[in-house]
Amino acid sequence: METALTLNHFLFVSGVLFAIGLAGVLVRRNLIVIFMCLELMLSAANLTLVAFSRFNVQEGQPDYHGHVLLFFIITVAAAEVAVGLAIIVALFRTKGTTDVSKIDTMKF
Amino acid sequence: MTFLFFIFAALALIGGIGVVAFKNPVSSAFSMVVSFLGLAALFIQLNAFLVGVLQILVYAGAIMVLFLFIIMLLDVPQEEKKKLPFFTALGAGGIVLAFIALLVVMLSRSEVGDKTLPALEATSGPGTSDVHKIGELLFSQYWFPIQVVGILLLVATVGVVVLSKRELK
């Protein structure tokens, strides 16, 4: 007998994925990989939104306002990646590295 | 349904662990694609068809190509095998474990989370697909935010061009 899927299943996967991304941001030293982990955290939050919109059924349909919010988040994430990678390229040009432990001009 | 959920959730989580664990940034990027495919499958399981397809097209397609392009353009070397500083490992592990513990406690306490997947009304005919519904919402109720997002994309494009120029005058 299969267990029925509950909201908790999806929230737990999303939370663990967020934690993995958080661990990556804290542990990794390569700026590009850190940026990828940020994207992972953003996607994990997206899963929460979709899960809540699916479980909040209105008139027999999922709550489409959540999907619209997700649409905006994906657009903003795309813009953010473009700008972030341009900043990383500019940083690489001046510093010659993407290792965050070697970029310490502002370190006290 | 349930075993598909576990397969795709495992795919998303293993991909996520791969991003953090692989030393080579290119391997990280590819395991990120795996993670996004798993997430997209979960979205589709939640009846969010448009968003699932967008996740594959925009994230696994466009954004990851951009990442791979930059990784190969900069010729990023692998992180040298330096041992993680003790306090970094301790802090990171502590924060992550505390986060997961908090998650488990909150989820086991909440009553909302025990809700099972509610049934949807079967629909057919034109104008009932989720693409149609989302499009209708975007261009009626959310007409202003979509203009703002359009301007945001324009600003981002200009910003990227300015940042990528070799010297600023």
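Here is the naming used below: chain letters follow the sequence lines, and residue numbers restart at 1 for every chain.
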Which answer fits B:F36, side chain, backbone, both or neither, if we ask what part of it has an atom under 4.5 Å from a heavy atom of chain A?
-> side chain

What heavy-atom pair brings A:L40 and B:G16 nearest, and what distance separates the two atoms?
-> CD2-CA, 3.7 Å

Check: B:N47 main-chain N/O paired with A:R54 side-chain donor or acceptor under 3.5 Å = no

Whatever's closer than 4.5 Å to a heavy atom in chain A on B:A29 counts as both

Mind telling me whether B:F67 and A:F35 have parallel, tilted or perpendicular rings, with 30° and 60° as the class edges?
-> tilted

What part of A:L70 gets closer than 4.5 Å to chain B, counting heavy atoms only: side chain, backbone, both or neither?
-> side chain

Shortest non-hydrogen contact between B:M64 and A:M36, atoms and distance | CE-SD, 3.9 Å

Under a 4.5 Å heavy-atom cut-off, does chain B meet the side chain of A:E80, its backbone, both or neither?
-> neither

Can you say whether A:V76 sits under 4.5 Å from chain B via the side chain, the backbone, both, or neither, judging by heavy atoms?
-> both

Would you please indicate yes or no on a ring centroid separation below 6.0 angstrom for B:Y142 and A:F71?
-> no

Which portion of B:L103 sits near chain A, non-hydrogen atoms under 4.5 angstrom = side chain

Under 4.5 Å from any heavy atom of chain A - which part of B:I146 | both

For chain A, which residues from residues 89-98 of chain B lie under 4.5 Å away (heavy-atom distances)?
-> B:A92, B:I95, B:V96

Using non-hydrogen atoms only, which part of A:S101 is less than 4.5 Å away from chain B: side chain, backbone, both, or neither?
-> side chain

Considering residues at least two apart in sequence or located in another chain, which fulfil the side-chain hydrogen bond (donor to acceptor under 3.5 Å, both in side chains) criterion with A:T6?
-> A:H9

Would you mind checking which part of B:L107 comes under 4.5 Å of any heavy atom in chain A, side chain (CB onward), backbone (N, CA, C, O), both or neither?
-> both

What residue in B:G52, B:S28, B:S110, B:A12 has the most heavy-atom pairs under 4.5 Å with chain A?
-> B:S28

